[in-house]
Undergrad: 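Attaching a single structure in structure tokens format; questions to follow.
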Protein chains: 2
Amino acid sequence: MEYPIGEFSKLTGLGIHTLRYYEQEGLIAPERNSSNRRCYSDKDLTWIEFIKRLKDTGMPIKEIKHYAELRATGDPTLSERMEMLVQHRQALDEQIAQLQEHKIKLDEKIEFYRNEIERVNNTNL
Amino acid sequence: MEYPIGEFSKLTGLGIHTLRYYEQEGLIAPERNSSNRRCYSDKDLTWIEFIKRLKDTGMPIKEIKHYAELRATGDPTLSERMEMLVQHRQALDEQIAQLQEHKIKLDEKIEFYRNEIERVNNTNL
DNA sequence: TCTTGACATAGAGTTTACTCTACATTGTAT
DNA sequence: ATACAATGTAGAGTAAACTCTATGTCAAGA
């Protein structure tokens, strides 16, 4: 299947302007029809979903662009791309670990508040 | 103990400019000495550490500012502050869950690459 | 044929969170 | 007394990632 940009926008949840911006930044290169309109494919859809994943895990656009370039080059870049993903997984692990630590501290703080509120209530009896 | 901004910057890892910016944005209000220099206290240090935690877990400056205002008001705002933290913990839980899902998919992708690289190697024998 | 809606490009504007510059003041060591 | 390093304010500049505006094209329905 092929989709014009409006439909692809709905499929991806990404806003027409954002899709054009991504193309300009070299993240994606949809086909064009005879009237120069963008024709996004199902492959583009899979690819955009992966881009979103990279973004949501904190990879900056420039780095995704680099990955996209390697991808466009094909097989000779397979190991370099894998290397990037392995690095990124490492970063993601650390990110998750840090958030979990933050969560523990946040829970403690909430517990502290619970006690404070209790204490203040009792003081005002 | 009290610290001038340069020292406090080192203690917090936050850059002098950033500390002044945070003050301007209403996140922190250090004392001033007779010559108008900022005198950060240990309480400020604890508070900044908490600000960093909120920031690192994705809370925007504006919301932290709101929390800071409630904090400055004192006891009457205890439950509202706790409410904010409970909400934020919820968001954090979701954030962590999402990252964990992303990690699983990323691992799958890496596994896919491992197989692809193997396949390409064998094809070129 | 005329209008309308989706699409095209180029470039300007926005938001967030800093980060830096210019210039004045002050405390301290020589 | 003077030099200098740290600090002060006000305001400009930066980077990332969008987001919007102006203007033009084009295919399809009334």
Side-chain angles (χ1 to χ4, degrees), chain A residues 1-41 44-45 47-69 88 91 95 102, chain B residues 1-41 44-45 47-69 88 91 95 102:
Chain A
M1 274 299 285
E2 297 211 320
Y3 318 97
I5 194 165
E7 202 174 333
F8 196 66
S9 168
K10 276 161 200 155
L11 286 174
T12 58
L14 274 187
I16 288 174
H17 296 300
T18 305
L19 287 169
R20 290 201 274 245
Y21 164 70
Y22 280 3
E23 182 172 347
Q24 191 178 305
E25 292 303 301
L27 302 196
I28 189 167
E31 298 285 314
R32 298 292 180 113
N33 69 11
S34 56
S35 331
N36 198 35
R37 303 294 175 86
R38 292 169 178 84
C39 294
Y40 292 93
S41 69
D44 288 325
L45 188 54
W47 171 229
I48 275 283
E49 293 303 334
F50 187 60
I51 288 175
K52 282 168 65 180
R53 207 178 290 289
L54 293 179
K55 258 194 47 58
D56 289 354
T57 48
M59 188 183 284
I61 299 282
K62 275 196 181 168
E63 206 172 326
I64 301 177
K65 177 205 174 94
H66 180 217
Y67 184 94
E69 285 164 354
H88 188 60
Q95 202 186 331
H102 283 324
Chain B
M1 272 300 285
E2 298 211 319
Y3 319 96
I5 195 167
E7 202 174 335
F8 196 67
S9 169
K10 276 162 201 157
L11 285 174
T12 58
L14 273 187
I16 287 174
H17 296 301
T18 305
L19 288 169
R20 291 201 273 243
Y21 164 70
Y22 280 3
E23 181 171 348
Q24 190 178 306
E25 291 304 301
L27 303 197
I28 189 168
E31 298 285 315
R32 297 294 180 113
N33 68 14
S34 55
S35 331
N36 198 36
R37 302 294 174 85
R38 292 169 178 85
C39 293
Y40 292 92
S41 68
D44 288 324
L45 188 55
W47 171 231
I48 274 284
E49 292 304 333
F50 187 60
I51 288 175
K52 282 167 65 179
R53 207 178 292 288
L54 293 178
K55 258 194 44 59
D56 289 353
T57 48
M59 188 182 285
I61 299 283
K62 274 195 182 168
E63 206 172 328
I64 300 178
K65 175 204 175 94
H66 180 217
Y67 184 94
E69 285 164 355
H88 189 59
Q95 202 187 331
H102 284 324

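Proteins get letters first, then strands, A, B, ... in listed order; numbering begins at 1 in each.
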Undergrad: Locate the shortest heavy-atom distance separating Glu23(B) from Arg32(B); write the atom from each residue and the value.
TA: OE2-NH2, 2.9 Å
Undergrad: Which heavy atom of Ala68(A) sits nearest a heavy atom of Gly26(A), and at what distance?
TA: CB-O, 3.6 Å
Undergrad: Which whole-number value in Å describes the distance from Glu2(A) CD to dA6(C) P?
TA: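 Spelled out: CD on Glu2(A) to P on dA6(C) is 20 Å.
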Undergrad: Over how many whole Å does the gap from Tyr21(B) atom OH to dG11(D) atom P extend?
TA: 17 Å
Undergrad: Could you list the donor-acceptor pairs under 3.5 angstrom formed between side-chain atoms of residues 3-20 of chain A and any protein atom two or more places apart in sequence or on another chain?
TA:
from	atom 1	to	atom 2	distance (Å)
Tyr3(A)	OH	Asp42(A)	OD1	2.5
Ser9(A)	OG	Gly15(A)	N	3.3
Thr12(A)	OG1	Phe8(A)	O	2.9
Thr12(A)	OG1	Ser9(A)	O	3.3
Thr12(A)	OG1	Leu14(A)	N	3.3
Thr18(A)	OG1	Leu14(A)	O	3.3

Undergrad: Between NE2 of His102(A) and CG of Leu54(B), what distance do you get to the nearest 0.5 Å?
TA: 9.5 Å
Undergrad: In terms of the angle between their ring planes, are Tyr67(B) and Trp47(B) parallel, tilted or perpendicular, with boundaries placed at 30° and 60°?
TA: parallel
Undergrad: Taking atom C1' of dC18(C) as reference, at what distance in whole Å does atom CD1 of Ile48(B) sit?
TA: 14 Å
Undergrad: Is the CD atom of Glu2(B) crowded by more than 12 outside heavy atoms at less than 6.0 Å?
TA: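 Yes.
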Undergrad: If you look at every heavy atom in Cys39(B) and Pro30(B), which pair is closest and at what distance?
TA: O-CB, 4.0 Å
Undergrad: With a 4.5 Å limit on heavy-atom distance, are the side chains of Tyr21(B) and Leu27(B) in contact?
TA: no
Undergrad: Output yes when at least one side-chain N/O atom of Tyr22(B) is less than 4.0 Å from OP1 or OP2 of dA17(C), else no.
TA: no
Undergrad: Is any side-chain N or O of Arg38(A) closer than 4.0 Å to OP1 or OP2 of dA8(C)?
TA: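 So the side-chain polar atoms of Arg38(A) do come within 4.0 Å of the phosphate oxygens OP1 or OP2 of dA8(C), strictly under.
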Undergrad: Between Tyr3(A) (OH) and dA6(C) (P), how many Å, whole number?
TA: 19 Å
Undergrad: Considering only heavy atoms, which members of residues 4-20 of chain A lie under 4.0 Å from some atom of DNA chain D?
TA: His17(A), Thr18(A)
Undergrad: Could you tell me the separation between the CD atom of Gln24(A) and the P atom of dC7(C), rounded to a whole number of Å?
TA: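 Nearest whole value for this atom pair: 18 Å.
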Undergrad: Rounded to the nearest angstrom, tell me the gap between atom CZ in Arg32(A) and atom C1' in dA6(C).
TA: 14 Å
Undergrad: What is the distance, to the nearest angstrom, from the CZ atom on Arg37(A) to the P atom on dT9(C)?
TA: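 Answer to the nearest Å: 10 Å.
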Undergrad: Between residues 54-67 of chain A and DNA chain D, which residues have a heavy-atom gap below 4.0 Å?
TA: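 Only Lys55(A), Pro60(A), Ile61(A) qualify.
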Undergrad: Hey, are the side chains of Ile48(B) and Tyr40(B) touching, using non-hydrogen atoms and a 4.5 Å cut-off?
TA: no
Undergrad: Please report, rounded to the nearest Å, how far the P atom of dA28(D) is from the CG atom of Asn33(A).
TA: 11 Å
